[in-house]
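Letters go in sequence order (proteins before strands), and every chain restarts at 1. It should be emphasised that the depicted structure is a prediction, and the values quoted were computed from it without experimental measurement.
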Protein chains: 4
Amino acid sequence: MTKAQSNTMWGGRFDEKPDDIMEQINASIDIDKRLYKQDIAGSKAHAAMLAAQGIISDEDKAAIHKGLDQILGEIESGAFEFRRDLEDIHMNIESRLKELIGDAAGRLHTARSRNDQVATDFRLWVREACDAICERIEVFQETIDILEEQHADTIMPGFTHLQVAQPVTLARHLEAYACMLNRDKLRFIDCKDRLNKSPLGCAALAGTGFPIDREMTAKELGFDRPVNNTMDGVSARDFANEFLFCCAQAGLHLSRLAEEIILWSTPQFGFVSLSDAWSTGSSIMPQKKNPDAAELIRGKTGRLTGNLVQLMTVMKALPLTYNKDLQEDKEPVFDSFDTIILCLDAMNGMVASANWNTDKMLAAAQSGYSTATELADWLVRELGMPFRDAHHITGRVVKIAVTMGLRLDQLSLDDLQSVEPRITEGIFDYLSVETAVKMRK
Amino acid sequence: MTKAQSNTMWGGRFDEKPDDIMEQINASIDIDKRLYKQDIAGSKAHAAMLAAQGIISDEDKAAIHKGLDQILGEIESGAFEFRRDLEDIHMNIESRLKELIGDAAGRLHTARSRNDQVATDFRLWVREACDAICERIEVFQETIDILEEQHADTIMPGFTHLQVAQPVTLARHLEAYACMLNRDKLRFIDCKDRLNKSPLGCAALAGTGFPIDREMTAKELGFDRPVNNTMDGVSARDFANEFLFCCAQAGLHLSRLAEEIILWSTPQFGFVSLSDAWSTGSSIMPQKKNPDAAELIRGKTGRLTGNLVQLMTVMKALPLTYNKDLQEDKEPVFDSFDTIILCLDAMNGMVASANWNTDKMLAAAQSGYSTATELADWLVRELGMPFRDAHHITGRVVKIAVTMGLRLDQLSLDDLQSVEPRITEGIFDYLSVETAVKMRK
Amino acid sequence: MTKAQSNTMWGGRFDEKPDDIMEQINASIDIDKRLYKQDIAGSKAHAAMLAAQGIISDEDKAAIHKGLDQILGEIESGAFEFRRDLEDIHMNIESRLKELIGDAAGRLHTARSRNDQVATDFRLWVREACDAICERIEVFQETIDILEEQHADTIMPGFTHLQVAQPVTLARHLEAYACMLNRDKLRFIDCKDRLNKSPLGCAALAGTGFPIDREMTAKELGFDRPVNNTMDGVSARDFANEFLFCCAQAGLHLSRLAEEIILWSTPQFGFVSLSDAWSTGSSIMPQKKNPDAAELIRGKTGRLTGNLVQLMTVMKALPLTYNKDLQEDKEPVFDSFDTIILCLDAMNGMVASANWNTDKMLAAAQSGYSTATELADWLVRELGMPFRDAHHITGRVVKIAVTMGLRLDQLSLDDLQSVEPRITEGIFDYLSVETAVKMRK
Amino acid sequence: MTKAQSNTMWGGRFDEKPDDIMEQINASIDIDKRLYKQDIAGSKAHAAMLAAQGIISDEDKAAIHKGLDQILGEIESGAFEFRRDLEDIHMNIESRLKELIGDAAGRLHTARSRNDQVATDFRLWVREACDAICERIEVFQETIDILEEQHADTIMPGFTHLQVAQPVTLARHLEAYACMLNRDKLRFIDCKDRLNKSPLGCAALAGTGFPIDREMTAKELGFDRPVNNTMDGVSARDFANEFLFCCAQAGLHLSRLAEEIILWSTPQFGFVSLSDAWSTGSSIMPQKKNPDAAELIRGKTGRLTGNLVQLMTVMKALPLTYNKDLQEDKEPVFDSFDTIILCLDAMNGMVASANWNTDKMLAAAQSGYSTATELADWLVRELGMPFRDAHHITGRVVKIAVTMGLRLDQLSLDDLQSVEPRITEGIFDYLSVETAVKMRK
């Protein structure tokens with residue numbers, strides 16, 4: 001089909017061909033060809049249903065299935081020629097099907113419109129994307145699991161305001177991210193469950209007069225059931241927004257871990273040393289390792305947030321039902337998917353291969369009087385001291401330690417009793433970071 | 001407590017008072033006082049648990065409960081004096097409690113930190129917000145239900161590209177929005193379920209050495225269970241982002257309906273006439289009714305999207321655990337809640353009281369050859385014509401109708417047969433908008 | 001250079017090759033190859049300066065220039081092989097240069113770093129992008145100029161709240177967009193002027209000890225002067241944010257016009273009829289013309305806003321100086337440029353070829369009592385009536401017209417005097433839309 | 001004026017009062033009362049012009065001016081009672097003026113509409129906001145100037161990838177921010193210059209038939225001239241978007257410095273120690289200083305970005321001219337103004353009072369082999385070595401230093417010559433951070 005023919009697709013009345021710029025702004029094939037698998041699956045299900053309902057013949061159905069299978073093969077082998085003048089993936093496949101099987105191809109489009117077709121394809125794609133992301137999250141969670149076991153007793157400082165606050169274990173710190181990612185995973189599952197209704201059969205917007213069986217195509221494609229309302233079916237894109245939000249939120253979580261890895265990789269912190277495979281270096285400063293992957297993960301938060309804003313802006317104030325603006329829905333979704341997969345994989349590889357400098361972590365935890373809270377709690381618990389008084393006493397003890405240049409657990413009982421005579425030997429069970437951490441298991 | 005005293009809260013070492021601007025940027029009481037109810041509930045649960053565990057006495061618990069109840073009353077009656085120098089809702093209540101019950105107030109803060117306290121309060125607040133929004137969505141859905149019954153047979157044009165495409169009913173059009181809002185509701189429910197874990201007991205970040213019972217406080221406050229990880233518990237805000245997304249997405253749906261109401265209110269469309277209570281007028285053009293409420297609902301999409309971007313930006317690359325940046329979390333959440341409630345209520349009132357000009361809708365549906373698809377489908381179904389051929393024939397028929405200035409159902413059989421001789425009388429069962437709509441029920 | 005060699009770029013200490021995913025997340029060549037022209041221009045200027053300063057020999061400079069010219073030719077002819085393992089455009093060109101001219105290639109990088117190199121390339125690119133956009137804006141402004149002349153007397157309704165308010169001319173309505181675009185153009189010019197300082201010579205971040213002449217390279221590349229501060233020079237990206245904002249704001253203006261074209265293209269409004277070259281049609285509804293280009297322009301506002309949010313998110317809280325996050329800066333800039341150019345061209349083509357239905361516009365202007373304000377103003381002016389009273393009288397007159405089904409200028413003097421006896425024949429000079437418009441020229 | 005009366009403002013035809021929720025969503029007085037000064041200035045200029053043109057009498061003008069001056073006094077003294085049922089600042093002032101001066105108040109609104117009135121007020125407000133922000137930027141730049149003088153020789157590490165790269169001075173580091181803020185200032189000046197055209201006289205949208213003098217009111221109010229196009233005049237809000245972008249971009253710059261201050265305040269870096277007035281402490285860890293102000297500045301980037309997205313979303317696809325959506329324009333602008341002023345003041349106070357730990361900075365600069373680039377440059381310069389070879393040699397030298405646990409300037413000439421025999425004593429002029437920094441001045 002040439003450009004001129006493509007034009008006659010809209011009947012004979014149009015005198016002019018589309019302007020070149022019109023064709024350029026209108027064509028979506030460069031983007032939506034990623035839907036080829038879903039488009040073919042949807043068409044096969046539709047053809048099977050049409051035959052089952054007696055709307056097309058079994059021969060036509062068989063020809064359509066065979067033709068579509070061949071096209072699938074051609075696309076996957078790289079032999080398929082995508083054409084911009086055919087606008088989108090649907091017309092590219094339909095046109096090729098006509099070349100392969102002739103008139104039967106035309107009957108495939110009975111009781112269907114591009115509006116419900118693309119809505120179906122896109123939901124199928126996002127559904128699979130959710131699954132794929134969940135898998136990658138689980139891979140990274142397993143990495144964290146292993147590290148949690150290895151570092152159950154690795155003591156590091158817990159920070160508030162990026163100031164040392166209390167000692168924790170590396171296991172607990174990493175587990176925090178496993179928990180965040182778990183909620184991310186649950187969000188993707190919710191997103192997938194919510195979108196899993198079939199828009200096939202909504203046709204252009206109002207359904208069709210043909211006696212179609214929407215339950216059958218829904219079942220065939222793994223949907224829970226058909227959507228309730230045909231106009232909603234073709235114009236809803238909240239599932240795509242929800243997917244983009246889920247990606248952006250997961251990206252935010254990764255950006256927090258990325259930030260920490262960047263901090264921890266500085267000589268000043270020195271908690272972690274990235275493997276060569278996950279750093280870049282400097283030709284003249286061979287000791288230097290730049291945490292490029294972590295920086296890129298942090299930076300890619302931008303595109304994940306931007307993609308969400310993009311589609312939300314598109315959807316603002318859009319009247320029902322299909323409007324061409326909706327063509328802008330796929331690119332951000334594809335990009336966010338690629339990005340979050342890449343970030344998860346990179347984070348996993350980087351964390352799995354990192355070297356943890358447990359001595360530096362311990363030393364940092366021991367600095368900063370991170371067990372002061374334990375001392376205060378002991379005063380409350382053992383001496384029944386009111387909370388604010390205990391804090392006051394503790395403050396005075398810390399001051400002494402600061403002056404003497406000692407850790408709290410290095411002070412003598414005399415030092416402690418000089419501030420509060422009722423303090424006993426028992427306090428020393430709480431002043432080291434090791435005991436403080438153990439206390440809280 | 002004066003400003004100077006507030007300063008000594010951090011111990012005696014600080015020589016200078018906070019700068020005025022520091023106090024201004026630091027204080028959150030103007031915003032977070034909305035958490036008073038949650039803060040008091042959380043404190044009561046915490047005190048009950050401390051007593052049950054023997055950490056404080058039953059007398060202290062009773063005094064704390066009584067004092068907190070009194071403060072609740074003071075706040076709700078407007079008698080409570082909020083003080084900026086006390087920074088936030090937690091310190092305002094604690095300070096008043098001390099005035100009321102003395103030293104026992106100090107024991108309330110045992111085994112707790114402001115970090116887990118505010119996380120608990122905020123989750124409780126968002127949980128209730130989800131419930132409140134779901135209720136309002138249901139109110140609006142009921143309004144739509146009533147309209148669906150009233151307008152089950154009201155025919156209007158269904159649009160694609162804002163061009164008349166096929167006839168539908170007003171019922172189906174409005175039902176599309178009920179479906180969208182239903183997904184919005186489900187999202188709020190998912191959000192609420194996901195956040196419903198108790199951070200109380202996470203303390204500053206690492207938990208506490210006191211023998212607290214986190215299950216008990218969780219149960220008391222209606223949480224499913226305590227959060228798994230204490231560091232995550234105090235620093236997670238994805239629940240707030242998710243809530244903001246849910247609000248923004250619901251707002252997008254409302255913006256689509258608002259846009260349609262604005263369009264339909266123009267004399268050019270004339271499908272709907274807003275009630276006086278939901279319009280503004282012009283003193284010199286008394287026939288004019290401006291759809292201000294619809295425009296404001298459409299415009300408020302901006303703040304809902306902006307609020308989401310705000311908090312997502314805040315969370316980007318924030319290291320664990322608590323950072324003061326998190327203080328910026330509440331204002332967007334409160335504002336999005338107020339906004340979505342206001343928009344839902346306004347939309348409900350506006351739609352419930354609107355007058356639907358069914359004649360204008362019908363006339364519009366009858367224009368634009370909106371049953372052309374029916375004709376094409378008939379040719380495919382009855383004559384076994386290939387899809388593309390049927391479209392071609394239909395195009396020629398429409399052209400004749402355009403030339404003659406008639407609707408499709410006003411053409412004679414002769415007119416139709418002049419294009420395709422095999423067309424029979426039976427076609428007239430499909431060419432009026434009424435039959436076309438009936439066909440698709 | 002193979003992957004293994006690329007690795008040794010950082011010296012011999014790295015034992016492992018980069019992980020495949022690391023290479024994937026790290027490489028930017030697919031995006032930044034668009035900077036090839038700027039990169040070559042920057043390198044030529046740098047080499048010329050090095051030679052002028054005696055830092056490299058004239059022979060080396062000549063070899064470098066010749067080699068770079070050849071590479072430019074290879075890239076523009078499509079013969080150049082871009083390699084992902086060489087990461088970015090700078091290393092791709094440097095590597096090829098070495099193949100072509102040997103050791104002299106190595107001397108090109110004297111007193112330079114990739115940090116100042118990419119900052120220079122990127123500013124050059126954005127500068128040219130600003131110029132290109134301004135040109136396209138002017139093209140569209142000329143189209144509007146022509147239409148303004150043609151439609152200086154074409155009367156249409158001016159809307160507030162999408163309700164007919166007062167008559168205006170199509171010329172004035174379109175001129176409003178010319179004014180908006182003019183401010184957009186001025187913003188691009190400001191953006192360009194502000195960024196036009198040369199970062200070349202900032203080296204990695206701290207400048208260089210070589211006796212370079214930054215003024216010379218700045219002048220050679222058309223910059224106003226070198227940047228003041230080397231650390232700012234390599235890490236500033238506000239110029240890119242500003243460019244993205246300018247694009248997004250221009251896109252917002254286009255989205256407003258696109259919305260109006262979509263509205264005006266409905267049969268309900270019917271003010272404009274798009275040319276075939278700028279519409280898509282329906283094969284079965286040949287009278288139908290979908291304003292796809294306008295819808296796409298409206299939809300592309302999303303990506304322009306999203307791109308801005310993307311880079312602003314990236315830049316949030318990024319410490320000085322170069323961080324790998326900055327690699328995410330180019331894709332949104334390139335995409336916004338392509339998008340705004342496409343939207344301007346499409347809008348220009350669509351508007352230039354549109355058919356304006358002046359009868360429909362006039363009729364719409366005559367409906368809606370759009371000259372009621374003229375009547376009120378006449379009462380104030382001629383009878384000295386207070387403003388609010390005049391509005392009240394006008395309201396009563398309009399009511400009579402509504403009741404009689406007449407326009408204001410179709411009422412008789414008796415009709416008018418029945419409300420306000422002092423009204424004279426002279427009022428009829430103001431009640432038609434033609435006179436109302438003329439009054440305001 | 002009661003609610004019922006307010007309703008009759010639109011003439012007698014409206015049977016119902018506005019719904020309570022309608023009133024709630026519609027009223028803007030809580031926000032737009034901040035425009036009171038601009039509104040009064042605009043009205044005085046308008047009245048003066050009306051009198052000069054003979055449209056109202058000099059007595060009326062005098063009464064209006066006197067009345068408005070009294071209202072200004074009432075508002076500034078807090079005596080003015082703002083009423084929600086009067087919707088906005090314009091009606092509140094007009095209503096009070098009528099109480100004060102009777103009928104003459106009604107004549108003030110001659111040849112004017114709320115549409116041009118609010119556009120004028122808002123531009124005046126934003127113009128003043130730009131000036132105020134520029135002043136605060138200058139204050140902070142002066143603080144940096146002073147620090148630059150004090151720390152012209154204070155050596156600190158310059159970072160790339162948050163890894164020590166090359167030594168710089170604190171002066172240069174801070175100067176980078178002065179440069180960024182300077183561009184921010186220039187953007188605000190451009191914004192102000194661009195918006196400084198008067199919309200007064202555009203009336204509702206189409207101008208007015210009264211013989212007004214728009215040049216006179218423009219001049220009176222300090223505008224450069226009237227806007228060119230009346231429809232653009234009442235519906236343009238790109239000036240507000242531009243202002244919001246300028247604020248957001250300045251906020252991004254501050255967020256970068258805030259991030260660095262947070263990092264530098266950690267014990268791990270220890271470069272800076274915030275004054276007590278700009279920190280918060282811990283009652284039990286008296287040595288601890290939390291950089292709350294820096295964290296809040298960093299966090300407030302969120303609202304600045306969110307506000308920009310808010311208004312950009314509002315403006316998307318809004319048809320001409322005035323739509324009620326525009327009422328959402330002021331709140332983000334006011335909030336961004338307050339936020340950026342607060343952040344600038346807080347940053348200024350925090351930086352001005354900070355203690356710089358120059359020893360720690362120097363030590364950090366000396367670590368990390370930050371002068372390795374100097375060594376490589378020396379090899380290129382003095383020995384004519386190709387760039388890549390020089391890097392290789394340098395890498396080997398650094399390795400030796402790493403092994404020996406020495407800084408580069410602590411190696412002996414023998415050590416250096418063991419790698420490259422041609423190295424001479426002269427190299428030691430370049431290996432210390434002091435000389436490296438001096439070299440680059």
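- Atom CG of A/Asn323 is separated from atom CG of C/Leu296 by 10.5 Å, given to the nearest 0.5 angstrom.
- For a residue to count as touching a neighbouring chain, one of its non-hydrogen atoms must lie under 4.5 Å from one of that chain's; by this rule A/Leu318 touches chain C with the side chain only.
- Contact tally against chain C (heavy-atom pairs below 4.5 Å) for A/Leu342, A/Val309, A/Thr313: the top residue is A/Leu342.
- No side-chain heavy atom of C/Lys300 sits under 4.5 Å from any side-chain heavy atom of A/Val314.
- Side-chain contact between A/Asn290 and C/Lys324: absent, with no pair of heavy atoms (C-beta onward) separated by less than 4.5 Å.
- Expressed to the nearest 0.5 Å, how far CG of A/Asp20 lies from CG of C/Asp345 amounts to 11.5 Å.
- Heavy-atom minimum distance, A/Met22 versus C/Ala293: SD-CB, 3.7 Å.
- Between the CD1 atom in C/Ile25 and the CH2 atom in A/Trp278 there is a gap of 7.0 Å [rounded to 0.5 Å].
- Within the model, atoms CG of A/Asn307 and CD of C/Gln310 stand 7.0 Å from one another, a figure rounded to the nearest 0.5 Å.
- Interatomic distance, CG of A/Asp276 versus CG of C/Asp19, reported as 12.0 Å (0.5 Å rounding).
- Heavy atoms of C/Glu259 lying under 4.5 Å from chain A are absent altogether.
- Interatomic distance, CD of C/Glu295 versus CG of A/Leu326, reported as 9.0 Å (0.5 Å rounding).
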